[in-house]
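None of the values given here were measured: they were computed from a predicted structure.
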Amino acid sequence: MSRYRLQPTPAQEAALLEHCGHARYVWNLAVEQHAHWRPGLKSAPGFAEQCRQLSEARAEFGWLRAGSVIVQQQALKDFAQALANFFAGTHRRPRWRRRGRGEGFRIVAVKAGDVRRLSRNVGEVRVPKVGWVRFRWSRAVPEGVKSYRITRDAAGRWHVAFAAIPEPLPGPGTGEVIGVDRGVSVSAALSTGELLNAPTPRDGEKSRLRRLLRRLARAKRGSNRRGRVKTAIARLKAREVDRRKDWIEKTSTDLARRFDVIAVEDLKIGNMTRSAKGTVEAPGRNVRQKAGLNRGILTAGWGRLVERLEQKAAGRVRKINPRYTSQTCNACKHIARKSRESQALFLCVACGWRDNADVNAAKNVRDTAAGHAVAARGGPPLGEPANREPQHDLLPVG
C-alpha cells in the first residue's frame, strides 16, 4: 500500500465519518449473523446473500440509502475475506468494530481520472458522495490504481492508501550474506558489527505521557475532557509509531540493497510476547517484569522488520533456527551458556574469543545461513543425515 496524508475540509470530514459509520454498521451486522451459527445449523449467509439483504435494507431505511453502496458492499467483501483468512488459519476471527478505533472504508473501481495532481505537494482523490478530497503528494502515486482505502487513526489523522504491489528491490549481486540478531537492548545487531536501535520516545514525551495518563484516570467516562485527553495520548503514541515505521522502512531498504542474502532468526514473536499473568487458580510469576519485556520486544519492531525485508528482498531472506545462536562461539563453535557473561559481552570459555554478544549471535546466524557453520545439531526430516559438529575424540590418530 502507498499511503498518503489526507487533508479533508470540516464538511468533507463529516461525510467521511458517515461513510466510516456505515461501513462499521454493515461489518458488525455480518459479525452478528455469523455469531449465531452453531454446528448442525444452516450455514450463515455468504457474500452474495448479504449483498441481497443489504439491497433490501437500503430500500427500507433512508439513512442507509443515503450512504454509498460501494462503501457498504466493500465492507461485506472485507468481512468475507477476513472470514476466509480465519478459516485458512492465518488470521483471527473477525471481531466487532468500535467507533473511533480502526475507522475506515474501501473504494473500488477507481478510474484513471479519479486521482489527479494539483501542484508539487498537493493531489486530489474523488470519493463517492464526498467529492474531491485533497491529500499530500509526498511521492508519485502508483500507476494503474484500481482501489484505495481511507482510514482515520486514533489521533484523528486521515490517510488514503492506494493498493499497489511494488517490485522487490534488486540485490547488489555480490553474493554477500548478512546476519541479523534482534534484541531488546539493541533492536538489530548485524554481523558486520553495526548496532541499530529503533527510535524511542524522548524524555519530555515520556513525562507528558505520564501526566496525561494520570489526567485520564481522573477524568469522568464519557466526558469531553476525557475525549480530549485520549486524543492527546493517541497523538503522542502515533508520533512514536511513525518514527518506528520510518526506521524500519529505511533499515529494511538499506539491507535489501546492500546484501544478496539476509539471515534472521525464526522467532515466534506471538509466543514470546504472551502474557504471564496466568489464571486465578494458577497465577503467573514476575508478571510485571514479563510485561515490560513484552513491551520492549514489540517496541523494537521485530516482526515488522522481517515482514518488510521479505517484501523488499523477496526470496533472499533466510530464517534460521535460533537455538544456541547466542551461546555459540563464532570462532571455535564451542557452545556454553557461561560464555555470555552479560547482555553485551561474549567471552568464550574455551578459546577466549571476545566480542559483542549480539554481534557474535548475528555472525552465527550468518554462517548458518551460508552453510559455513552449524549453530545447533539437527538435520532435515525423512531420515537424511543430520548436521553434526566435529567430534575430536573420534577422529583417527596416526
Side-chain angles (χ1 to χ4, degrees), residues 28 31 34-35 82-83 85-102 153-155 181-188 197-203 205-223 226-227 229-241 243-245 248 264-307 319 321-327 337 340 342-344 357-358 361:
N28 288 340
V31 172
H34 283 260
L83 202 63
N85 294 338
F86 166 71
F87 286 117
T90 58
H91 294 70
R92 298 183 302 180
R93 178 182 287 275
R95 298 182 178 182
W96 297 86
R97 287 184 176 176
R98 296 174 55 185
R99 184 179 63 179
R101 180 179 299 179
D153 59 17
D181 179 75
R182 290 165 290 171
V184 177
S185 299
V186 178
S187 301
N197 283 293
T200 57
R202 302 184 178 96
D203 293 339
E205 293 173 338
K206 293 179 181 178
S207 300
R208 175 170 169 75
L209 179 60
R210 286 193 294 268
R211 292 196 301 268
L212 289 174
L213 290 175
R214 288 195 294 267
R215 194 179 303 172
L216 180 67
R218 296 192 298 266
K220 182 180 178 181
R221 290 185 177 274
S223 64
R226 184 180 178 87
V229 175
K230 289 178 67 176
T231 302
I233 293 175
R235 287 174 180 170
L236 268 180
K237 293 187 175 181
R239 196 178 303 165
E240 176 187 356
V241 172
R243 291 183 192 140
R244 182 163 59 247
K245 286 183 177 179
I248 290 174
V264 297
E265 294 176 307
D266 188 11
L267 301 176
K268 309 301 180 184
I269 301 176
N271 297 337
M272 296 174 66
T273 56
R274 187 171 297 169
S275 175
K277 63 182 179 180
T279 62
V280 177
E281 296 78 10
R285 296 181 298 176
N286 299 327
V287 177
R288 292 180 62 87
Q289 293 85 338
K290 183 61 169 62
L293 176 62
N294 294 347
R295 285 193 297 269
I297 293 175
L298 297 176
T299 302
W302 290 4
R304 181 66 176 173
L305 177 61
V306 174
E307 179 184 357
K319 292 187 176 182
N321 186 347
R323 294 185 63 189
Y324 304 120
T325 54
S326 62
Q327 302 176 15
R337 181 181 300 178
R340 184 155 187 169
S342 65
Q343 177 64 32
D358 296 323

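Rounding to the nearest 0.5 Å places CG of L236 at 11.5 Å from OG1 of T231. To the nearest 0.5 Å, atoms CD1 (I297) and CD1 (I269) are separated by 8.0 Å. Rounding to the nearest 0.5 Å places CZ of R218 at 11.0 Å from CG of L213.
A heavy-atom distance below 4.5 Å is found between the side chains of R226 and R221. With a 4.5 Å cut-off on side-chain heavy atoms, L267 and P322 count as touching. Taking the side chain as every heavy atom from C-beta outward, D181 and E265 approach each other to under 4.5 Å. Residues N321 and D266 form no side-chain contact, since every pair of their non-hydrogen atoms from C-beta on lies 4.5 Å or further apart. Within the 4.5 Å cutoff, the side chain of V306 has heavy atoms near those of the K319 side chain. Within the 4.5 Å cutoff, the side chain of V184 has heavy atoms near those of the W302 side chain. Using a 4.5 Å cut-off on side-chain heavy atoms (C-beta onward), R101 and D153 make no contact. Residues R340 and S326 form a side-chain contact, since some pair of their non-hydrogen atoms from C-beta on lies under 4.5 Å apart.
Nearest heavy atoms, L305 versus I248: CA-CG2, 3.8 Å. In plain terms, the two heavy atoms of A198 and S187 that are nearest each other are N-OG, 2.9 Å. For R182 against G303, the heavy-atom pair with the smallest separation is NH1-N, 4.4 Å. A pairwise comparison of heavy atoms in N28 and R97 identifies OD1-N, 2.9 Å as the closest pair.
Every residue two or more places apart in sequence or in another chain that forms a side chain to side chain contact (heavy atoms under 4.5 Å, CB included) with P94 is listed here: W27, F79, A82, L83, F86. For R244, the salt bridge (Lys or Arg N to Asp or Glu O under 4.0 Å) partners at least two apart in sequence or on another chain are E240.
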Item to check | From CA spacing to verdict: salt bridge (Lys or Arg N to Asp or Glu O under 4.0 Å), E205, R202 | outcome: CA-CA 5 Å; E205 293 173 338; R202 302 184 178 96; 3.6 Å; yes
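No donor-acceptor pair under 3.5 Å is formed between the side chain of R243 and the backbone N or O of P199. Of the possible polar contacts, one joining the T90 side chain to the N85 backbone as a donor-acceptor pair under 3.5 Å is found.
Under a 4.0 Å N-O distance rule, the pair R208/D203 does not qualify as a salt bridge.
By the 6.0 Å contact criterion, NZ on K290 is enclosed, its count of non-hydrogen atoms from other residues, nucleotides or ligands being greater than 12.
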